[in-house]
Amino acid sequence: MAVSNYDYPALSEPKQVRLLLSDIHALQARANSGDYTAVDVLVDLGAAIKQANLTRRQREALHYVYIRDMTQAAAAAEMGSRQQRVADYVAGAEQKIADVYYYWAGHKEGYDV
């Protein structure tokens, strides 16, 4: 892993994962402009998401909330669910992703907590 602390000092914490996910569009723009550090961050985030073994609903909630920039209420309507369930899916996904970063740090896989 080439995990970078690129403005996200403690990705082993769900709130920092939330910040990273909230910045996904800015990171994609930086990556498209040739910012290789942003590319590394995005690649590592993709790997963390894959290793997190998210449920289909967690992936779907992340997609609507962070990729499509929908509110949780709008995501819930799209998913045929309630806003609280979407909040639970997102929070669970953020925790699982943070756990992957924590694992990487504990196993000296390019990340420190």
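Both backbone and side-chain heavy atoms feed into the values below; hydrogens, waters and symmetry mates do not.
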Original post:
Just wondering, do Tyr101 and Leu45 contact through their side chains at under 4.5 Å, heavy atoms?
Top reply: yes
**OP:** Please collect all salt bridge (charged side-chain N to carboxylate O under 4.0 Å, His left out) contacts where either partner lies in residues 58-76, sequence neighbours excluded, each pair once.
**Re:** Arg56-Glu60, Arg57-Glu60
Original post:
Side-chain heavy atoms under 4.5 angstrom apart, residues restricted to Ile, Leu, Val, Met, Phe, Trp, Tyr: same cluster for Ile49 and Ile67?
Top reply: yes
Original post:
Side chains of Leu54 and Leu62: closer than 4.5 Å at any heavy-atom pair?
Top reply: yes
**OP:** State whether the side chain of Asp35 and the backbone N or O of Ala31 hold a donor-acceptor pair below 3.5 Å, judged by distance alone.
**Re:** no
**OP:** Please name the pair of heavy atoms, one in Gln83 and one in Ala76, separated by the smallest distance, quoted to 0.1 Å.
**Re:** N-CB, 3.5 Å
Original post:
Does some side-chain heavy atom of Tyr89 sit less than 4.5 Å from a side-chain heavy atom of Met79?
Top reply: yes
Original post:
Atom CD in Gln28, atom OG in Ser33: separation rounded to 0.5 Å?
Top reply: 12.0 Å
Subject >> Where Ala98 and Pro14 come nearest, the two heavy atoms and their spacing >> reply: CB-N, 3.7 Å
Original post:
What do the steps show when you test Leu11 against Tyr102 for side chain to side chain contact (heavy atoms under 4.5 Å, CB included), and what is the final call?
Top reply: CA-CA 8 Å; Leu11 289 171; Tyr102 183 80; over 6 Å; no
Subject >> Shared hydrophobic cluster, Leu27 / Val39 (ILVMFWY, side-chain heavy atoms < 4.5 Å) >> reply: no
Original post:
Can you list the steps and then say if Val65 with Met70 is a side chain to side chain contact (heavy atoms under 4.5 Å, CB included)?
Top reply: CA-CA 5 Å; Val65 171; Met70 297 174 110; 5.7 Å; no
Original post:
So, for Val90 and Ala61, which heavy atoms are closest and what is the spacing to 0.1 Å?
Top reply: CG2-CB, 3.8 Å
Original post:
With side chains defined as the heavy atoms from C-beta onward, is the minimum distance between Ile24 and Leu42 less than 4.5 Å?
Top reply: yes
Subject >> Atom pair CD (Gln58) and CD (Gln95), whose distance is rounded to the nearest 0.5 Å >> reply: 10.5 Å
**OP:** Heavy atoms only: give me the nearest Trp104-Asp44 pair and the separation to one decimal.
**Re:** CH2-O, 3.5 Å
**OP:** Any chance you could measure Gln16, atom CD, to Ser22, atom OG, to the nearest 0.5 Å?
**Re:** 10.5 Å
Original post:
According to the salt bridge (charged side-chain N to carboxylate O under 4.0 Å, His left out) rule, which pairs have a member within residues 92-101, sequence neighbours left out?
Top reply: Arg18-Glu94
Original post:
Pairs in or reaching into residues 74-87: which pass salt bridge (charged side-chain N to carboxylate O under 4.0 Å, His left out), with residues at least two apart or in two chains?
Top reply: Arg85-Asp88
